[in-house]
2 protein chains.
Amino acid sequence: MQEPDSQISTSYHHGGLRDALIAAGLDILNEENVMGLSLRKVAKRANVSHAAPYRHFKDKQHLLAGIAEEGFRALAQGMTAVLDAYGDNPRQAILQMGHHYIAFGVAHPAQLSLMFSDLLGWGESESLGEAAGETFELVVRMITLAQTAGVVKQGDPEQLARAHWAMAHGLAMLAKEGFLSGEDGEYDQQKSTQALENLLVGMEE
Amino acid sequence: MQEPDSQISTSYHHGGLRDALIAAGLDILNEENVMGLSLRKVAKRANVSHAAPYRHFKDKQHLLAGIAEEGFRALAQGMTAVLDAYGDNPRQAILQMGHHYIAFGVAHPAQLSLMFSDLLGWGESESLGEAAGETFELVVRMITLAQTAGVVKQGDPEQLARAHWAMAHGLAMLAKEGFLSGEDGEYDQQKSTQALENLLVGMEE
DNA sequence: ACCTGAACACCGTTCAAGT
DNA sequence: ACCTGAACACCGTTCAAGT
């Protein structure tokens with residue numbers, strides 16, 4: 001077993017550069033916005049030449065797809081944690097899942113926008129669709145648990161999951177643009193709770 | 001009274017160029033996406049030099065804000081039509097308002113994305129905020145009408161309007177990315193109806 | 001295998017100069 | 001008042017050349 005630390009910062013064999021480029025892109029996205037995200041800036045931040053990214057991404061669109069995919073995976077991971085934490089209380093799980101989604105949007109506005117933008121080319125990356133599908137499946141699982149517990153009505157769980165996803169996504173978009181701010185100008189979580197409760201009541205039949 | 005038609009296509013005095021630039025930008029947005037929208041391309045399509053747009057927009061961000069504002073105004077106009085058509089049936093009005101919002105997103109995906117993107121600089125254009133506010137007020141008015149008719153529960157109409165807006169916006173984003181497609185791959189309006197109904201039931205108390 | 005540097009056509013923005 | 005053309009620093013993408 002050798003210690004590879006000595007070359008980690010300058011060498012990127014075995015796909016290490018791919019992750020470094022996505023991380024660099026995420027940094028730029030969080031500091032600026034998608035217009036400030038250039039392939040050349042990403043390359044510079046990863047300490048490679050401006051042509052190096054083309055070894056790992058066909059073009060800029062595919063780097064953006066990689067960043068979006070990372071977003072779906074991070075979202076799914078957080079949602080899994082919520083599901084684990086509130087597994088015994090499906091009603092709370094539904095509300096907290098919504099809040100988690102919205103919090104992700106407020107923390108990473110440009111990334112969430114990117115995840116639903118027209119810049120990705122969904123058809124060209126099966127792993128992107130897979131990551132988004134995994135995220136949706138977690139919502140479906142949550143709904144199924146709630147149905148079993150008698151908290152929400154019976155019926156197609158995917159239908160109810162779509163309603164929940166749409167509400168959470170809509171609230172996230174409104175929140176990140178400041179449309180859910182309170183008197184102090186800060187995001188007012190209570191406004192999300194009210195909307196999520198409205199939907200929840202409707203899902204109880 | 002003179003006939004100015006003869007110079008309309010080549011001259012843009014009195015703000016005519018501003019509208020022409022927004023229209024050209026909209027065309028490009030609908031044909032490509034926000035990455036393909038360059039100021040130089042917009043200027044060329046409006047038959048002016050690449051520096052001419054700076055007479056009407058401080059920079060690219062302000063042109064984007066103008067295009068987004070036009071979107072809010074178009075949305076508000078369509079929503080007013082829905083309200084007029086279903087004024088005597090608040091329950092239908094609520095559902096049709098949602099469908100209209102989603103249809104706008106499916107028809108103008110890049111524009112709707114732009115309207116909620118981080119590229120606009122909301123603080124720098126009061127007319128943009130005004131246009132968005134008008135749109136929201138129409139939803140509030142619809143909720144108030146429904147409350148008067150006893151179709152939805154009493155309480156802060158803005159709270160219920162936010163829930164409806166979030167649901168409609170979330171569904172629009174899901175629809176334009178293909179997450180609400182049926183077996184044939186086309187947008188399945190029924191899936192939106194189901195989600196909108198879920199929320200509506202919850203708003204009935 | 002993976003990376004580089006030069007090259008090309010394109011950007012956003014500014015500004016002196018024209019009408 | 002409004003528009004233009006040249007100029008600058010920056011893009012995305014390609015490709016011959018290097019290790």
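Note that these values count all heavy atoms, side chains included, but never hydrogens, waters or copies made by symmetry. Labels below follow one simple rule: chain letters A, B, ... track the order of the sequence lines, proteins then strands, and each chain is numbered from 1.
Distance R55(B) CZ to dT19(C) C1': 14 Å, rounded to the nearest Å. What separates CZ of F57(B) from P of dC3(D) is a distance of 12 Å, to the nearest Å. One can place NZ of K44(A) at 13 Å from P of dT4(C), the figure rounded to the nearest angstrom. In this structure, CG of N47(B) is placed 16 Å from C1' of dC2(D), rounded to the nearest angstrom.
Within the structure, ring-ring contact (aromatic ring centres under 6.0 Å, His included) contacts touching residues 73-93 of chain A (residues at least two apart or in different chains) do not occur. Each side-chain hydrogen bond (donor to acceptor under 3.5 Å, both in side chains) pair with one or both residues in residues 110-121 of chain A, not counting sequence neighbours, appears once here: E70(A)-Q111(A), S113(A)-K176(A), D118(A)-K176(B).
Checked against side-chain contact (heavy atoms from CB on, under 4.5 Å), A175(A) has the following partners two or more places apart in sequence or in another chain: I102(A), V106(A), L180(A), Y187(A).
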Shorter than 3.5 Å, N or O on both sides, protein versus nucleotides 9-13 of chain D: list them out with atom names.
{"residue": "dC11(D)", "atom": "O5'", "partner": "S38(A)", "partner atom": "OG", "Å": "3.4"}
{"residue": "dG12(D)", "atom": "OP1", "partner": "L39(A)", "partner atom": "N", "Å": "2.8"}
{"residue": "dG12(D)", "atom": "OP1", "partner": "K60(A)", "partner atom": "NZ", "Å": "3.1"}
{"residue": "dG12(D)", "atom": "OP2", "partner": "L39(A)", "partner atom": "N", "Å": "2.9"}
{"residue": "dG12(D)", "atom": "OP2", "partner": "R40(A)", "partner atom": "N", "Å": "3.1"}
{"residue": "dG12(D)", "atom": "N7", "partner": "R40(A)", "partner atom": "NH1", "Å": "2.6"}
{"residue": "dG12(D)", "atom": "O6", "partner": "R40(A)", "partner atom": "NH1", "Å": "2.7"}
{"residue": "dT13(D)", "atom": "OP2", "partner": "Y54(A)", "partner atom": "OH", "Å": "3.0"}
{"residue": "dT13(D)", "atom": "OP2", "partner": "K60(A)", "partner atom": "N", "Å": "2.9"}
{"residue": "dT13(D)", "atom": "O5'", "partner": "Y54(A)", "partner atom": "OH", "Å": "3.2"}
{"residue": "dT13(D)", "atom": "O4", "partner": "R40(A)", "partner atom": "NH1", "Å": "3.3"}
{"residue": "dT13(D)", "atom": "O4", "partner": "H50(A)", "partner atom": "NE2", "Å": "3.4"}

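Classification of the F116(A)-H169(A) ring pair by plane angle, with boundaries at 30° and 60°, yields tilted.
You'll find the ring centres of H100(A) and F104(A) outside the 6.0 Å limit.
In summary, K41(A) and E31(A) do not engage in a salt bridge, as defined by a charged side-chain N under 4.0 Å from a carboxylate O.
Between the E186(A) side chain and the S181(A) main chain, no donor and acceptor come within less than 3.5 Å of each other.
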| request: Using a 3.5 Å limit on both pairing distances, list the dot-bracket string of DNA chain C from the 5' end; Watson-Crick and G-U wobble pairs count, crossing pairs take [ ], interstrand pairs take |. | output: ||.|||||...|||||.||
Please output the side-chain donor-acceptor pairs of residues 133-143 of chain B that fall under 3.5 Å, not counting sequence neighbours, one pair per line with the distance.
{"residue": "T135(B)", "atom": "OG1", "partner": "F72(B)", "partner atom": "O", "Å": "3.3"}
{"residue": "T135(B)", "atom": "OG1", "partner": "A131(B)", "partner atom": "O", "Å": "3.0"}

